Amino acid sequence: MEIWVDSADIGEVKRVHELGIVDGATTNPSLFAKQKSKDFKGVVKQIADIVNGPVSAEVVATDFEGMVRQAEIVSKIHKNVVVKIPCIPDGLKAVKYCSDNGIKTNYTLTFSANQILLAAKAGATYTNVFIGRLDDAGHSGMEVVREAMQILNNYKFETKLIAASTRHPLHIKEAALLGCHVATVPPALIEKLIKHPLTDAGLKQFLADWEKCGCKIE
Ligand code: G3P
C-alpha cells in the first residue's frame with residue numbers, strides 16, 4: 001500500500017518524507033487555507049519535488065469548462081501532479097475529458113460505492129473513500145472501502161482507491177487489510193503509526209540491561 005502525506009505544509013511534508021516510507025502527497029483547498037503562503041503553484045511544486053511521487057492538487061471551478069481549464073493549468077505545475085476534481089456531474093465530465101487527454105485525476109469528495117464505480121468508469125486515475133468524514137456522520141467508512149475494493153476488483157478497473165480522511169491507526173490497518181492501493185495520512189498520524197507502548201517499554205529495558213552487562217559495540 002502506498003502511503004501519501006495529507007498536507008500542504010512543506011515543513012511537515014519534508015519531515016515525514018525523511019522517514020523513507022512516504023510515496024506521495026494530497027492537498028486540498030482547506031489544507032492550503034492553513035498555510036501562510038499564497039503561492040499555490042510554488043507550494044505544489046515544492047511538495048512534488050520533496051516526495052518524488054504523485055501529488056494531488058485540486059481545482060476550485062465547479063463548471064466543466066472551468067474545471068478543464070484549471071486542470072490543464074494544475075497538471076503543468078509538475079510531472080507528478082494529479083488533478084483533484086470534486087465528485088459532481090460536471091466533475092465527472094471533466095474527469096472523463098482529462099482521462100481522454102492524458103491528464104491524471106483524483107476524483108475526490110467521494111463517499112459511496114456508486115461514486116467509486118462512476119469514477120472508475122470515467123477513467124479516474126485515483127478516487128477516494130473519505131473514511132473519517134463518513135464515520136463522523138454515523139456511517140461506516142470502512143464498509144464503503146470494502147464495497148469499493150470489491151467493485152474495482154470485480155471489473156478489473158484500473159482506477160486506484162485512496163483511503164482518505166484517515167483519523168487513527170485502525171483506519172490505516174483496515175485499509176491495508178482490504179487491499180486499498182493508497183492511504184493518505186496526516187503527518188501526525190504517520191508518526192503515530194510507528195509508536196507502540198510495548199516498543200518503548202522494551203527498548204527502555206534493553207538499554208537498562210545493556211548498561212548492566214558492560215558490553216561495548218564501539
Ligand atoms: O485531503 C483529502 C482528505 O484526506 C481530507 O480529509 O476529513 O481530513 O479533511 P479530512
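Hydrogens, waters and symmetry mates play no part in the numbers below; they use all other heavy atoms, side chains included. As the structure is a computational prediction, the values presented were derived from the model and not from experiment. We count ligands from 1, going down the list as the structure has it; atoms in each ligand are counted the same way.
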J.: Around atom NZ of Lys195, are there more than 12 heavy atoms from other residues, nucleotides or ligands closer than 6.0 Å?
T.: no
J.: Tell me whether the NZ or CZ atom of Lys160 lies within the 45° cone about the ring axis of Tyr126 and under 6.0 Å from its centre.
T.: no
J.: Any donor and acceptor pair, going by atom type alone, linking the side chain of His168 with main-chain N or O of Leu170 inside 3.5 Å?
T.: yes
J.: Provide, line by line, the atom pairs where ligand 1 and the protein bring an N/O atom each to a distance under 3.5 Å; else say none.
T.:
from, atom 1, to, atom 2, distance (Å)
ligand 1, 1 (O), Asp6, OD1, 2.8
ligand 1, 1 (O), Asp6, OD2, 3.3
ligand 1, 1 (O), Asn28, ND2, 2.9
ligand 1, 1 (O), Lys84, NZ, 3.3
ligand 1, 4 (O), Asp6, OD2, 2.7
ligand 1, 4 (O), Ser165, N, 2.9
ligand 1, 7 (O), Arg133, NE, 2.8
ligand 1, 7 (O), Ser165, OG, 2.7
ligand 1, 7 (O), Arg167, NH1, 3.2
ligand 1, 7 (O), Arg167, NH2, 3.2
ligand 1, 8 (O), Arg167, NH1, 3.3
ligand 1, 9 (O), Arg133, NH2, 2.7

J.: Are any side-chain N or O atoms of His171 and backbone N or O atoms of Arg167, one a donor and one an acceptor, separated by less than 3.5 Å?
T.: yes
J.: Going by heavy atoms in the side chains, are Glu58 and Thr108 under 4.5 Å from each other?
T.: yes
J.: Check side-chain contact (heavy atoms from CB on, under 4.5 Å) between Thr62 and all other residues, then give those that pass, not counting sequence neighbours.
T.: Ile88
